[in-house]
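Below: the structure, in structure tokens.
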Amino acid sequence: MDNSYNFTELENKWQKKWEEEEIYKTENTEDSEKYYVLEMFPYPSGDLHMGHVRVYSIGDVIARYWSMKQYDVLHPMGWDAFGLPAENAAIKHGNIHPREWTWDNISRMKKQLKRLGLSYDWDREVTTADPDYYRWTQWFFLQMFKHDLAYRDESPVNWCPGCETVLANEQVIDNACERCDSEVEERELEQWFFKITDYAERLLQDHELLDWPERVKEMQKNWIGKSEGTIINFPVRGRNKNLEVFTTRPDTIYGATFMALAPEHPLVEELAASSEKEEEIYEFVERAKKRKKEERTSPESEKNGIFTGSYALNPMTGRDIPILIADFVLMSYGTGAIMSVPAHDQRDYDFAQKYDLPIRVVIQPEDREEKLTTEELDEAYEESGVLINSEKFNGLTTEKAVAEIAEEMEKRDIGYRETNYSLRDWLISRQRYWGAPIPVVYCDKCGIVPVPEEELPVELPHDVEFTPDGESPLGKVEDFVNTSCPECGHPAHRETDTMDTFVDSSWYFLRYIDPHNEELPFSPEKAEDWFPVDQYVGGIEHAILHLLYARYFTKVVYDMDMILDSEPFSNLLPQGMVLKDGAKMSKSRGNVVDPENIMAEYGADTARLFILFASPPEKDLEWDDEGVAGAERFLNRIWRLVNENIEFLNDVSTADLEVQSLEGPGKDLYRKLHETIKKVSADIGQRQTLNTAISAIMELYNEVSSYLQNTGKQELNYPLVKMTVKKTLLLLAPFAPHITEELWDRMNQKGSIHNQEWPDYSEQALQRDEVTVVIQINGKVRDKIQVRPGLGEDELIEKAKKRDQVQKYVSEKEIIKTIVVPDKLINLVVK
RNA sequence: GCGAAGGUGGCGGAACUGGCAGACGCGCUAGAUUUAGGAUCUAGUGGUCUCUACCGUGCGGGUUCGAAUCCCGCCCUUCGCACCA
């Protein structure tokens with residue numbers, strides 16, 4: 001008998017057979033519950049990497065488990081196929097079209113995925129770059145437009161000079177492009193936006209409904225950036241105008257000693273025009289605008305300002321306060337203007353010191369007797385306390401004052417309470433070729449006209465010069481641009497920008513539900529059967545981008561009454577990275593492990609088993625060649641366990657197993673089997689610690705193996721071994737689908753192992769005849785005794801006291817306390 | 001600076017409800033088998049040691065009969081946020 005098995009031959013054989021017999025076709029039966037397992041679909045870069053192997057293996061185990069639990073499982077796969085790399089590759093290689101490049105990559109990656117033996121229903125494959133798909137992406141755009149959620153606006157936007165396109169705020173990390181790392185510039189452009197800000201509150205509130213890791217919710221919460229405060233109107237002196245500011249601390253209004261405008265604030269020009277130092281002010285504003293955003297928004301950087309020459313009126317005190325322009329004030333947050341309270345805000349304090357502006361204390365610690373003075377401060381007092389120097393509000397606590405002052409302002413029509421979010425609307429226009437065209441026509445007469453639904457898709461023309469030059473490539477295709485207005489029929493031109501690829505991936509999980517529907521993106525009836533996704537698996541890098549956009553889209557679709565749930569992913573499992581030598585795999589580091597090589601050398605089952613065993617799914621995983629060899633050894637042992645005993649495994653029947661008469665090692669083995677079933681089920685189904693599930697199966701193998709070794713041929717309980725082996729294979733099937741299928745077949749079992757029912761455990765089988773009770777003296781383990789379970793406390797203590805080990809410690813001392821945990825532990829406290 | 005997660009043998013990790021720390025695997029040591037092995041099997045493997053005990057889960061304290069697990073303080077690592085008014 002060979003020590004190892006020919007995995008290549010065997011894996012090919014079963015993959016072919018599974019495909020022929022369509023064993024992974026999605027079923028929707030009346031009386032079964034559904035389970036929708038989804039892993040984030042890949043960008044078809046052309047090559048599978050270890051990160052892919054990890055996510056898809058995790059998802060596959062979960063899908064196979066629920067399927068064996070007799071759920072109707074939806075487990076689909078597709079391609080996030082639009083995007084820049086296709087264009088860049090085409091530019092680089094000169095003669096290959098993005099479409100060709102993408103489709104070639106898809107077919108290559110599909111082969112690689114199939115080689116992993118994943119249980120996908122490929123009939124539901126979805127490709128976002130396919131007109132049959134993006135037609136519906138465009139359809140959603142039109143719905144957004146209809147519901148006033150898509151709008152065109154001119155505003156300062158992020159421009160990536162590397163990618164030669166604009167980016168959404170979410171795609172800018174530390175002022176650099178998320179894709180290519182180029183430093184992002186600000187440009188004033190007219191672009192399409194989705195109104196995600198309308199949904200800010202719901203996106204925040206509905207976190208409650210989600211079984212997601214706290215840190216992911218926290219990241220989204222930070223991004224949305226809710227803060228509750230008050231908008232206050234400061235009249236500008238000598239003008240019939242108000243200066244609006246947003247503050248979370250209206251209680252400090254009596255301490256506001258100056259106003260600060262963002263350099264981009266619309267009032268700047270007007271105020272400057274009437275100042276003697278007009279030139280100087282413009283110079284300052286220009287300088288501030290040129291200052292890098294990064295520099296301007298870092299807490300450490302120097303704050304600069306200039307006086308406008310104008311004054312505002314503090315609406316509570318009636319006092320004049322100067323209006324300045326300050327580069328630390330951001331136009332993009334609040335109203336772009338602030339009231340500055342140097343005594344109680346560190347930034348304002350630093351600024352006031354630098355420009356010699358008055359500082360007025362209005363809050364002091366509650367326990368303080370005499371008044372806190374400006375002279376005593378060497379930094380801002382930002383904590384809460386009680387109000388002073390605030391007229392009728394003196395003595396109120398911060399908390400009360402915030403409410404009462406806001407109320408008073410509302411009454412006197414000076415201000416009103418408002419909630420601010422730092423979330424901005426989602427900029428979806430891209431000046432690139434390889435994306436879904438935005439389905440809009442511009443007509444001189446009718447203005448912006450959406451393309452009628454029945455004319456979708458607006459197809460992406462094939463022959464395009466797409467070398468980026470900052471202009472949309474589609475703009476150079478006359479056949480595409482020139483069209484007629486859908487409303488008046490006059491000549492008109494098409495929108496030439498394409499949509500952000502995150503739009504494509506914001507609804508793909510809905511298309512899987514009904515991928516061939518030609519009337520609608522999906523039918524609401526089918527969505528009722530399958531939506532939402534029960535388990536979503538994917539990388540944490542999408543914590544904000546994709547996951548937030550997908551949630552937003554889902555809420556919009558929910559508001560359109562097409563689905564019954566307003567959240568797409570009930571459960572989220574963000575898997576960790578695959579590392580090599582302690583670092584992320586990368587070509588430049590030269591530490592890349594190629595899945596193709598691993599599969600060729602060890603086979604898919606081994607690769608899957610190792611990657612799932614080495615670490616719990618959420619943690620980073622260190623790739624270890626020796627560890628892979630260990631996984632292979634284990635599968636070889638299983639192989640031999642069946643093949644070396646194949647004769648009796650085929651001869652005996654598990655029906656002959658008499659559970660009642662089991663005793664000794666046989667009974668122990670039987671109990672271990674049931675313990676393992678219990679543990680593996682919980683580890684996959686509830687805890688999602690696939691590594692410990694595999695450990696448990698290994699332990700079970702070790703038990704069978706030593707039972708076989710240590711029991712004489714006469715005493716061996718053959719039906720018991722057969723039962724154990726069969727169930728071991730069933731437990732292992734989700735992890736190593738090929739080898740278990742082959743061995744199942746060799747044991748002459750009917751049907752695919754993957755269509756079998758997941759084994760159940762019996763409570764009775766878990767019962768022990770004897771339990772080990774630990775005896776501690778003063779909390780230290782000194783002895784152990786075997787007793788029957790449920791033995792009374794007194795008897796246990798009696799037994800324990802008789803032990804030599806115990807006598808040694810107890811004989812000349814006094815027992816002052818005994819603690820008994822039945823069936824587990826006795827602790828004797830002696831003095 | 002704020003927030004979150006984490007720190008356990010030589011390594012990856014386990015300990016799920018406060019109750020035997022180190023399951024399972026890798027590596028290592030010895031032996032068996034073999035022409036040979038980087039194959040397979042068996043046994044051992046936290047440290048110290050006066051050989052039956054002591055020490056041991058980042059560090060220091062506390063609660064408890066009993067702490068990797070709970071509480072307080074500190075250190076370190078990773079991630080996220082950060083002039084958000």
Side-chain angles (χ1 to χ4, degrees), chain A residues 1-4 173-174 213-223 225-227 229 245-249 252 260 262 295-303 326-330 332-341 345-348 350-351 420-422 540-541 543-544 609-610 613-616 618-631 633-634 636-637 640 679 682-683 686-687 689 691-702 705-706 709 772-784 805 808 816-821 824-830:
Chain A
M1 177 64 55
D2 280 343
N3 280 331
S4 57
I173 316 283
D174 290 334
E214 234 12 79
R215 74 196 148 119
V216 178
K217 294 192 206 174
E218 193 64 31
M219 279 160 78
Q220 294 201 345
K221 209 174 136 192
N222 275 335
W223 185 257
K226 177 178 179 173
S227 80
V245 304
F246 175 77
T247 178
T248 53
R249 295 291 304 270
T252 62
E295 211 187 313
R296 242 185 91 183
T297 55
S298 148
E300 288 88 37
S301 62
E302 180 82 22
K303 299 162 179 49
D327 60 358
F328 72 91
V329 180
L330 305 174
S332 57
Y333 187 80
T335 61
I338 59 168
M339 66 172 202
S340 284
V341 185
D345 181 294
Q346 193 56 41
R347 293 160 296 173
D348 296 349
D350 296 341
F351 195 81
N420 225 307
Y421 301 89
S422 41
I540 187 95
E541 66 274 17
I544 292 172
L609 192 72
F610 167 73
F613 175 64
S615 194
E618 294 202 43
K619 278 183 73 169
D620 286 349
L621 173 151
E622 172 72 20
W623 185 266
D624 173 21
D625 291 325
E626 312 264 24
V628 184
R633 264 200 293 272
F634 174 68
N636 280 328
R637 286 185 191 125
R640 289 195 302 271
K679 178 157 177 61
D683 283 356
Q686 280 89 52
R687 297 212 308 153
T689 51
N691 55 327
T692 54
I694 296 170
S695 299
I697 300 170
M698 287 173 167
E699 281 184 55
L700 179 59
Y701 164 82
N702 291 345
S705 160
S706 44
Q709 193 126 33
T772 306
V773 172
V774 172
I775 305 173
Q776 297 184 335
I777 314 285
N778 289 340
K780 288 209 163 75
V781 179
R782 297 299 180 188
D783 203 359
K784 290 167 191 180
Q805 270 297 318
K808 207 166 106 190
I816 53 174
K817 196 169 186 180
T818 52
I819 287 104
V820 179
V821 183
K824 259 193 173 159
L825 168 140
I826 299 171
N827 188 9
L828 301 174
V829 186
V830 301

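Heavy atoms only: backbone and side chains are in, while hydrogens, waters and symmetry mates are out. Letters A, B, ... are given to chains in the order of the sequence lines, protein chains preceding strands, and every chain is numbered from 1.
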Task: Syn/anti state of B/G62 by chi, 90° boundary around 0 - done: anti
- [ ] Consider the side chain of A/R687, meaning its heavy atoms from C-beta on, and name the nucleotide among B/A14, B/A15, B/C65 that approaches it most closely.
- [x] B/A15
Task: Phosphate OP1/OP2 of B/C20: any A/R782 side-chain N/O under 4.0 Å - done: no
TODO: For nucleotides B/G18 and B/U64, find the distance between their C1' atoms and express it as a whole number of Å.
DONE: 9 Å
TODO: Check every atom of B/G25, B/U42, B/A85 against the side chain of A/S227 and return the nucleotide holding the closest atom.
DONE: B/A85
- [ ] Rounded off to whole Å, could you give me the CD-to-P distance for the A/E622 and B/G27 pair?
- [x] 15 Å
Open item on the list: Can you measure A/Q346 atom CD to B/C2 atom C1' for me and round it to whole angstrom units?
Closed with: 15 Å
Open item on the list: For the P atoms, the ones on B/C41 and on B/U8, what distance do you get once it is rounded to whole angstrom?
Closed with: 31 Å
TODO: For B/C55 and B/A21, measure between their P atoms and round to the nearest Å.
DONE: 13 Å
Open item on the list: Donor-acceptor check, side chain of A/T247 to backbone of A/R249, threshold 3.5 angstrom: yes or no?
Closed with: yes
- [ ] Report the nucleotide, chosen from B/A85, B/A14, B/G27, that has the shortest atom-to-atom distance to any side-chain atom of A/R633.
- [x] B/G27
Task: 5' priority, RNA chain B, between A/N778 and A/A629 [closest heavy atom] - done: A/A629
Open item on the list: When you measure from the side chain of A/N420 to the backbone of A/S227, do you find a donor-acceptor pair of N or O atoms at a distance under 3.5 Å?
Closed with: no
Open item on the list: In this structure, how many angstroms lie between the P atom of B/C28 and the CD atom of A/E626, rounded?
Closed with: 7 Å
- [ ] Would you mind classifying the nucleic acid contact of A/T248 as base, sugar-phosphate or nothing, using non-hydrogen atoms under 4.0 angstrom?
- [x] sugar-phosphate
Task: Distance test, side-chain N/O of A/S695 to OP1/OP2 of B/G13, below 4.0 Å - done: no
Open item on the list: Heavy atoms from C-beta onward define the side chain here; which of B/U40, B/G13, B/C24 lies closest to that of A/K619?
Closed with: B/G13
TODO: Could you measure between the two P atoms, the one in B/C28 and the one in B/A39, and give it in whole Å?
DONE: 10 Å
Open item on the list: Checking A/K824 now: which residues fulfil side-chain contact (heavy atoms from CB on, under 4.5 Å) with it, not counting sequence neighbours?
Closed with: A/V821
- [ ] Determine the interatomic distance between P on B/G3 and the same-named atom on B/C74; round to the nearest Å.
- [x] 12 Å
Task: Under 4.0 angstrom between A/T247 side-chain N/O and B/A85 OP1 or OP2 - done: no
- [ ] Go through RNA chain B and write down every stem, that is, every run of at least three consecutive Watson-Crick or G-U wobble pairs with distances under 3.5 Å, as range with range.
- [x] B:1-7 with B:75-81, B:10-12 with B:24-26, B:27-32 with B:40-45, B:46-48 with B:53-55, B:58-62 with B:70-74
TODO: Using the closest heavy atom to pick a nucleotide of RNA chain B for each, name whichever of A/G779 or A/A614 lands nearer the 5' end.
DONE: A/A614
Task: Separation between the P atoms of B/C70 and B/G19, rounded to whole Å - done: 11 Å
TODO: Check A/D624 against A/F610 and note the closest heavy-atom contact, atom names and distance.
DONE: N-CZ, 3.7 Å
Task: Any N/O donor-acceptor pair, A/K303 side-chain to B/C83 base, under 3.5 Å - done: yes
- [ ] When you get a sec, tell me which of B/G19, B/C26, B/A21 is the closest nucleotide to the side chain of A/V781?
- [x] B/A21
- [ ] Using atom types as modelled and distance alone, determine if a side-chain donor or acceptor of A/N778 lies under 3.5 Å from a backbone N or O of A/V830.
- [x] yes
TODO: Rounded to the nearest angstrom, tell me the gap between atom CD1 in A/I777 and atom C1' in B/U52.
DONE: 15 Å
Open item on the list: From NZ of A/K226 over to C1' of B/A85, roughly how many Å is that when rounded to an integer?
Closed with: 18 Å
TODO: Starting at atom CZ of A/F328, determine the distance to atom C1' of B/C84, rounded to an integer number of angstrom.
DONE: 12 Å
Task: Shortest side-chain distance from A/S615, nucleotide among B/G13, B/C84, B/G19 - done: B/G13
TODO: Examine the base of B/C65 for any acceptor or donor lying under 3.5 Å from a partner atom in the side chain of A/N827, and report the outcome as yes or no.
DONE: yes
TODO: List for me each residue that meets side-chain hydrogen bond (donor to acceptor under 3.5 Å, both in side chains) alongside A/D783, sequence neighbours excluded, and say none if there are none.
DONE: A/R803
Open item on the list: Please pick, from B/C54, B/A15, B/A85, the nucleotide with the shortest atom-to-atom distance to any side-chain atom of A/I338.
Closed with: B/A85
Open item on the list: Does B/C41 have OP1 or OP2 under 4.0 Å away from a side-chain N or O of A/R637?
Closed with: yes
- [ ] Indicate yes or no: at least one non-hydrogen side-chain atom of A/W223 is less than 4.5 angstrom from one of A/S422.
- [x] no
- [ ] Answer yes or no: is there an ion pair linking A/E699 with A/K679, defined by an N-O contact shorter than 4.0 Å?
- [x] no
Open item on the list: If you only use heavy atoms from C-beta on, which nucleotide in B/C20, B/C84, B/G19 is closest to the side chain of A/R347?
Closed with: B/C84
- [ ] Please determine if a side-chain N or O atom of A/N702 lies less than 4.0 Å away from the OP1 or OP2 oxygen of B/G25.
- [x] yes
TODO: Whole angstrom is fine here: how far is it from CD in A/E699 over to P in B/A15?
DONE: 12 Å
Open item on the list: For the backbone of A/D620 and the side chain of A/S615, can you confirm whether one donor and one acceptor N or O come within less than 3.5 Å of each other?
Closed with: yes
- [ ] Kindly indicate, with the supporting measurements, whether the criterion side chain to side chain donor-acceptor pair (under 3.5 Å) is fulfilled by A/D350 and A/Q346.
- [x] CA-CA 6 Å; A/D350 296 341; A/Q346 193 56 41; 3.0 Å; yes
TODO: Just compare B/C54, B/G19, B/G13 and give me whichever is closest to any side-chain atom of A/I819.
DONE: B/G19
Task: P-based separation of B/G25 from B/U45 [nearest Å] - done: 14 Å
- [ ] Indicate whether OP1 or OP2 belonging to B/G25 is found under 4.0 Å from a side-chain N or O atom of A/N691.
- [x] no
Open item on the list: Using a heavy-atom cut-off of 4.0 Å across all strands, would you classify A/P213 as base, sugar-phosphate, or nothing?
Closed with: nothing
Open item on the list: Classify A/G630 by what it touches in the nucleic acid, base, sugar-phosphate, or nothing, heavy-atom distance under 4.0 Å.
Closed with: sugar-phosphate
Task: Presence of A/Q776 side-chain N/O under 4.0 Å of B/C20 phosphate oxygens OP1/OP2 - done: no
TODO: Return no unless some side-chain N or O of A/K817 is found under 4.0 Å from OP1 or OP2 of B/C65.
DONE: yes
Task: Pairwise C1' distance for B/C76 and B/U29, with rounding to whole Å - done: 35 Å
TODO: Taking all heavy atoms of A/T252 and all of A/M339, pick out the closest pair and write down the distance.
DONE: OG1-CE, 3.6 Å
Task: Rounded distance (Å) that lies between atom P of B/C24 and atom CD1 of A/I694 - done: 15 Å
Task: Which nucleotide in B/C41, B/G80, B/A85 has an atom nearest any side-chain atom of A/M219 - done: B/G80
